Amino acid sequence: TVIISGRLWAAGRLSHDSTMADVGLHSGEAIVVSSVAGWAIKGIAGRARPRVDIHQPRNFHVGRGFGGAGNYQSFPSGHTLAAFSLASAVTAEAGHFWPSEQRLIGVLTYGGATLSGMSRMYNNAHWASDVILGAGLGTLAGRAVMRWHHGHLGNWVDRTLLDLSVTP
């Protein structure tokens with residue numbers, strides 16, 4: 001997801017396509033915001049992954065997730081969080097730039113994000129609740145970033161990283 005948003009931003013800047021750069025930058029910001037929140041929750045919750053013990057879904061220990069042991073950083077799913085951050089930001093931007101295509105873009109992006117979460121459960125990397133929280137946090141982060149940007153046009157982030165002389 002970071003590569004997708006980074007490439008969208010870079011391609012938009014290089015091709016002077018401000019819409020593409022905008023979508024890439026803002027989706028990347030949503031991923032960063034949600035990932036920071038996810039990292040903090042993972043560290044505090046210290047939940048064991050299903051592959052540690054499939055019979056212990058309530059295996060939480062406060063602070064254990066900060067120890068660097070990936071087996072205890074299950075809650076929430078970081079992959080799902082990032083995928084839903086990207087999906088919600090891109091879908092919100094689609095509503096701004098291409099309102100008639102927003103529904104289709106939403107189905108495609110949220111569908112892909114859902115598959116990401118399902119694959120994490122299939123591979124015993126996460127419990128269903130990890131994926132649900134990741135999806136919720138990612139969606140909230142994407143929507144919050146988009147709401148902020150569209151409420152603060154010409155903010156310092158956009159002035160610094162987007163070519164505001166070219167209008168979409």
Side-chain angles (χ1 to χ4, degrees), residues 1-10 22-96 102-152 155-157 161:
T1 56
V2 173
I3 292 169
I4 291 169
S5 61
R7 286 185 177 174
L8 279 171
W9 174 78
D22 187 272
V23 170
L25 175 65
H26 296 155
S27 62
E29 285 180 85
I31 293 165
V32 169
V33 167
S34 66
S35 295
V36 169
W39 172 83
I41 295 168
K42 281 175 179 285
I44 293 167
R47 186 180 201 181
R49 294 186 186 275
R51 65 178 168 241
V52 171
D53 186 350
I54 195 72
H55 302 292
Q56 293 292 323
R58 292 182 184 92
N59 188 349
F60 290 86
H61 290 287
V62 176
R64 178 171 61 181
F66 289 122
N71 283 334
Y72 299 100
Q73 298 175 340
S74 184
F75 185 77
S77 167
H79 287 85
T80 306
L81 195 125
F84 274 86
S85 297
L86 179 71
S88 74
V90 168
T91 302
E93 286 286 49
H96 180 71
Q102 183 178 25
R103 182 170 293 197
L104 173 62
I105 291 170
V107 167
L108 293 173
T109 58
Y110 280 106
T114 300
L115 291 173
S116 173
M118 291 174 66
S119 75
R120 302 302 290 158
M121 290 187 299
Y122 179 79
N123 291 319
N124 277 337
H126 289 287
W127 305 95
S129 56
D130 302 340
V131 170
I132 291 167
L133 182 63
L137 285 175
T139 300
L140 287 173
R143 293 176 60 91
V145 166
M146 299 318 303
R147 188 175 298 122
W148 186 84
H149 273 287
H150 290 285
H152 298 87
N155 60 73
W156 71 271
V157 174
L161 298 173

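Nothing here was measured: the structure is a model prediction, and the numbers come from that model.
With contacts defined as side-chain heavy-atom distances shorter than 4.5 Å, the pair Glu93/His150 qualifies.
Annotation: the span from Arg64 atom CZ to Asn71 atom CG amounts to 9.5 Å, rounded to 0.5 Å. Rounding to the nearest 0.5 Å places CG of Leu137 at 11.0 Å from OG1 of Thr80. Annotation: the span from Leu81 atom CG to Leu86 atom CG amounts to 11.5 Å, rounded to 0.5 Å. The distance from the CH2 atom of Trp127 to the CD1 atom of Ile54 is 4.5 Å, given to the nearest 0.5 Å. Of the inter-residue distances, the one linking Gln73 atom CD with Phe66 atom CZ reads 9.0 Å to the nearest 0.5 angstrom. Of the inter-residue distances, the one linking Ser34 atom OG with Trp39 atom CH2 reads 14.5 Å to the nearest 0.5 angstrom.
Between the side chain of Asp53 and the backbone N or O of His55 there is at least one donor-acceptor pair closer than 3.5 Å. Side chain of His61 to main chain of Gly46: no donor-acceptor pair is present (N/O by atom type, distance under 3.5 Å, no hydrogens or angles).
For NE2 of His79, the number of neighbouring non-hydrogen atoms (other residues, nucleotides, ligands) closer than 6.0 Å is 12 at most.
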Only pairs under 3.5 Å count here: list side-chain donor-acceptor contacts from residues 2-9, not counting sequence neighbours, and write none if there are none.
residue, atom, partner, partner atom, Å
Ser5, OG, Thr1, O, 3.2
Ser5, OG, Val2, O, 3.1
Trp9, NE1, Leu161, O, 2.8

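Between Ala48 and Ser74 the shortest heavy-atom distance is O-CB, 3.8 Å. For Ile41 against Pro76, the heavy-atom pair with the smallest separation is CG2-CD, 3.6 Å. Residues Gly142 and Ala30 share a closest heavy-atom pair of CA-CB, 3.6 Å. The minimum heavy-atom distance between His126 and Ser77, with the atom names listed, is CE1-CA, 3.3 Å. Closest approach of Gly24 and Ser27 over heavy atoms only: O-OG, 3.1 Å.
A side-chain donor from one of His149 and Glu29 sits under 3.5 Å from a side-chain acceptor of the other. Of the N and O atoms on the side chains of Arg49 and Asn59, not one donor lies less than 3.5 Å from an acceptor on the other residue.
Listed by first then second residue, pairs satisfying salt bridge (charged side-chain N to carboxylate O under 4.0 Å, His left out) with a partner in residues 126-140 read Arg47-Asp130, not counting sequence neighbours.
Below 30°, between 30° and 60°, or above 60°: for Tyr110 and Phe84 the angle between ring planes is between 30° and 60°, a tilted geometry.
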